[in-house]
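We use all heavy atoms of the structure for the numbers below, so side chains are in, but hydrogens, waters and symmetry mates are not.
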Amino acid sequence: MPDHVIAIDQGTTSSRAIVFDRSGRIVSVGQLEHEQILPKPGWVEHDPVEIWRNVQEVVGVALSRATLTRHDIAAVGITNQRETAVVWDRRTGEPVYNAIVWQDTRTQDIVDRLAADGGVERFKEVVGLPLATYFSGTKIAWILENVPGAREKAEAGDLLFGTTDCWVLWNLTGGVDGGVHATDVTNASRTMFMDLRTFEWRDDILEAFGVPRSMLPEIRSSSEVYGTAHGSQLLRETPVAGILGDQQAATFGQAAFARGESKNTYGTGCFVIVNTGEEIVHSGNGLLTTVGYKLGDQPAHYALEGSIAVTGSLVQWLRDQLGIIGSAAEAETLAASVEDSGGVYFVPAFSGLFAPYWRPDARGAIVGLTRFATKAHIARAALEATAFQTREVLDAVRADAGVQLPELKVDGGMTANAGLMQFQADILGVDVVRPVVAETTALGAAYAAGLAVGFWTGLDELAANWHEGRRWSPALDEDERERRMRLWRKAVTKSMDWVDDDVR
Ligand code: ADP
């Protein structure tokens with residue numbers, strides 16, 4: 001009887017494979033970063049072939065570090081960077097272009113063209129999302145419009161689209177040799193093409209985008225057996241039984257199964273998700289409406305989401321582009337070397353501003369600079385930006401849902417930064433709580449897969465696996481908290497209206 005589940009976490013910066021035991025503890029990890037391809041300002045690409053190669057390698061590493069084989073694995077779960085679009089040839093398995101990553105803003109012209117008739121909220125009632133470069137739809141349209149021969153091939157039925165969950169699933173289950181072309185409802189809900197009520201692709205929207213329906217994967221639930229890993233692979237014959245987009249997976253891994261429960265994940269970007277149960281709630285405050293999870297043929301749970309594009313990637317930028325720190329962890333030491341940000345505010349609107357503003361015309365701004373400011377103040381302002389942006393999203397949640405969150409469950413790489421987590425509690429005025437297993441993204445995918453094959457009995461068993469690891473309580477007085485928020489909001493206004501006909 002297999003005693004483990006493996007999750008493949010195909011993330012923005014790396015691919016990981018993590019083996020979990022029955023109590024939801026990590027047994028072993030394999031991880032490989034992949035190249036961030038940045039051909040022009042605003043363009044971000046990944047090589048799907050490199051991603052698939054890395055996925056296979058990290059699975060091997062995770063299994064061998066735990067001295068396990070496929071016979072010890074009950075099921076495979078997949079979680080993924082969402083929205084990132086891969087288009088490939090179904091006959092050769094070759095991508096026709098690099099994956100266009102969720103952060104990529106090259107499709108703004110396509111957004112503007114579609115919004116000319118009905119505005120950016122044209123499809124929001126049906127799909128829960130405003131028109132934005134962020135979602136997969138315009139990325140697919142760009143490939144069809146710009147890659148020579150792609151449109152003809154797509155119309156002949158030779159091209160397939162998938163987010164990276166779908167790309168991994170197709171390859172894992174055989175690729176050109178009978179690979180399963182499917183995705184789950186959470187990933188489908190980020191394309192702009194799926195009707196939130198019926199979980200079906202909408203022909204009218206596909207037509208507006210010029211995307212043939214034959215390219216699209218079948219939409220399945222988040223927890224069911226999609227197929228088994230193919231012949232020659234390490235995991236051969238193991239059922240692939242769970243798929244959740246990374247943020248939904250983290251919510252599931254945090255055991256936020258019930259209406260009103262929430263989490264914030266601090267990675268490349270930050271993503272707050274609030275479970276709204278079986279109700280579709282439309283936001284009046286810049287939040288997205290999305291699918292939280294759907295287990296087999298049970299009713300779906302929906303969610304409100306606040307997406308913040310740049311948080312951890314700002315720390316990477318300090319390291320790689322500015323060179324003021326040698327590692328992400330050094331950001332904490334540098335920031336802690338000064339008492340506060342010295343009046344400096346850093347608005348990292350590198351891809352415009354996402355929630356709650358949705359302003360593609362914004363660009364990054366460091367304001368409040370005086371001769372006094374040092375690199376330590378800039379590092380501190382960069383970290384604080386994460387906390388301010390999260391507070392603004394939670395204010396939007398409060399306004400939409402009319403509830404005050406009692407505390408915030410957190411996870412993701414940046415939660416290693418205790419100084420930031422303390423500042424987050426200070427600026428929110430509520431406790432911030434991190435579970436023992438902070439790898440909630442992979443854990444959520446493992447849970448979805450394990451549930452489908454009966455490895456775990458139900459949600460109660462999973463909820464009992466959640467244990468508090470660390471808690472931060474607010475220590476800043478309210479006047480100071482609100483003063484900092486007021487200055488932050490003022491800084492945000494300075495980043496707006498930058499992009500115009502002269503600046504893209
Ligand atoms: P993703 O899954 O989006 O790739 P992770 O959850 O692995 O992201 O988190 C990695 C991010 O966290 C990176 O952007 C990195 O810069 C940031 N990070 C990691 N450690 C720290 C730290 N100690 N302080 C601040 N940021 C950190």
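Ring orientation note: the planes of F354 and Y134 are tilted relative to one another, at an angle of 30° to 60°.
Side-chain contact between R82 and T164: absent, with no pair of heavy atoms (C-beta onward) separated by less than 4.5 Å. Looking only at side-chain heavy atoms (C-beta outward), F161 and T191 come within less than 4.5 Å of each other. Proximity of N465 to Y447: side-chain heavy atoms (C-beta onward) are separated by under 4.5 Å at one or more points.
Looking only at atom types and distance, the side chain of N80 has no donor-acceptor partner in the side chain of D246 under 3.5 Å away.
Residues passing the side chain to side chain donor-acceptor pair (under 3.5 Å) test with T84 are Q81, sequence neighbours excluded. Every residue meeting the side chain to side chain donor-acceptor pair (under 3.5 Å) condition with E482, not counting sequence neighbours, appears here in chain and number order: R391. Qualifying side chain to side chain donor-acceptor pair (under 3.5 Å) partners for R70, counting only residues two or more places apart in sequence or in other chains: none. For the side chain to side chain donor-acceptor pair (under 3.5 Å) test, no residue two or more places apart in sequence or in another chain qualifies with R53.
Heavy atoms of other residues, nucleotides or ligands lying less than 6.0 angstrom from NZ of K124 number more than 12. The local environment of CZ in R22 is crowded, with over 12 non-hydrogen atoms from other residues, nucleotides or ligands closer than 6.0 Å. Environment of CD in E468: crowded, with over 12 heavy atoms of neighbouring residues, nucleotides or ligands closer than 6.0 Å.
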Practice item. Dump the intermediate steps for side-chain hydrogen bond (donor to acceptor under 3.5 Å, both in side chains) on D165 and T183, then the final yes or no. Key: CA-CA 7 Å; D165 57 307; T183 193; 2.6 Å; yes
Review point. Taking it one step at a time, do D431 and S473 satisfy side-chain hydrogen bond (donor to acceptor under 3.5 Å, both in side chains)?
Key: CA-CA 5 Å; D431 283 8; S473 299; 3.1 Å; yes
Point to revise | side-chain hydrogen bond (donor to acceptor under 3.5 Å, both in side chains) between S283 and N285, worked out | key: CA-CA 5 Å; S283 171; N285 294 283; 4.9 Å; no
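Judged by a 6.0 Å distance limit and a 45° cone about the ring axis, R489 is not positioned over the six-membered ring of Y345.
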Let me have the donor-acceptor pairs involving side chains of residues 320-331, under 3.5 Å, with sequence neighbours excluded, atom names and distances please.
{"from": "S327", "atom 1": "OG", "to": "E330", "atom 2": "N", "distance (Å)": "3.3"}
{"from": "E330", "atom 1": "OE1", "to": "G326", "atom 2": "N", "distance (Å)": "2.9"}

Run the side-chain donor-acceptor check on residues 409-419: report pairs under 3.5 Å with partners two or more places apart or on a different chain.
{"from": "K409", "atom 1": "NZ", "to": "Q254", "atom 2": "O", "distance (Å)": "2.9"}
{"from": "D411", "atom 1": "OD1", "to": "T265", "atom 2": "OG1", "distance (Å)": "2.5"}
{"from": "D411", "atom 1": "OD1", "to": "T440", "atom 2": "OG1", "distance (Å)": "3.4"}
{"from": "D411", "atom 1": "OD2", "to": "Q254", "atom 2": "NE2", "distance (Å)": "2.8"}
{"from": "D411", "atom 1": "OD2", "to": "T440", "atom 2": "OG1", "distance (Å)": "3.0"}
{"from": "T415", "atom 1": "OG1", "to": "G412", "atom 2": "O", "distance (Å)": "2.7"}
{"from": "N417", "atom 1": "OD1", "to": "G419", "atom 2": "N", "distance (Å)": "3.3"}
{"from": "N417", "atom 1": "OD1", "to": "L420", "atom 2": "N", "distance (Å)": "3.0"}

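Between V453 and A74, the closest heavy-atom pair is CG2-O, 4.0 Å.
A ring-centre distance under 6.0 Å is found for F346 and W317.
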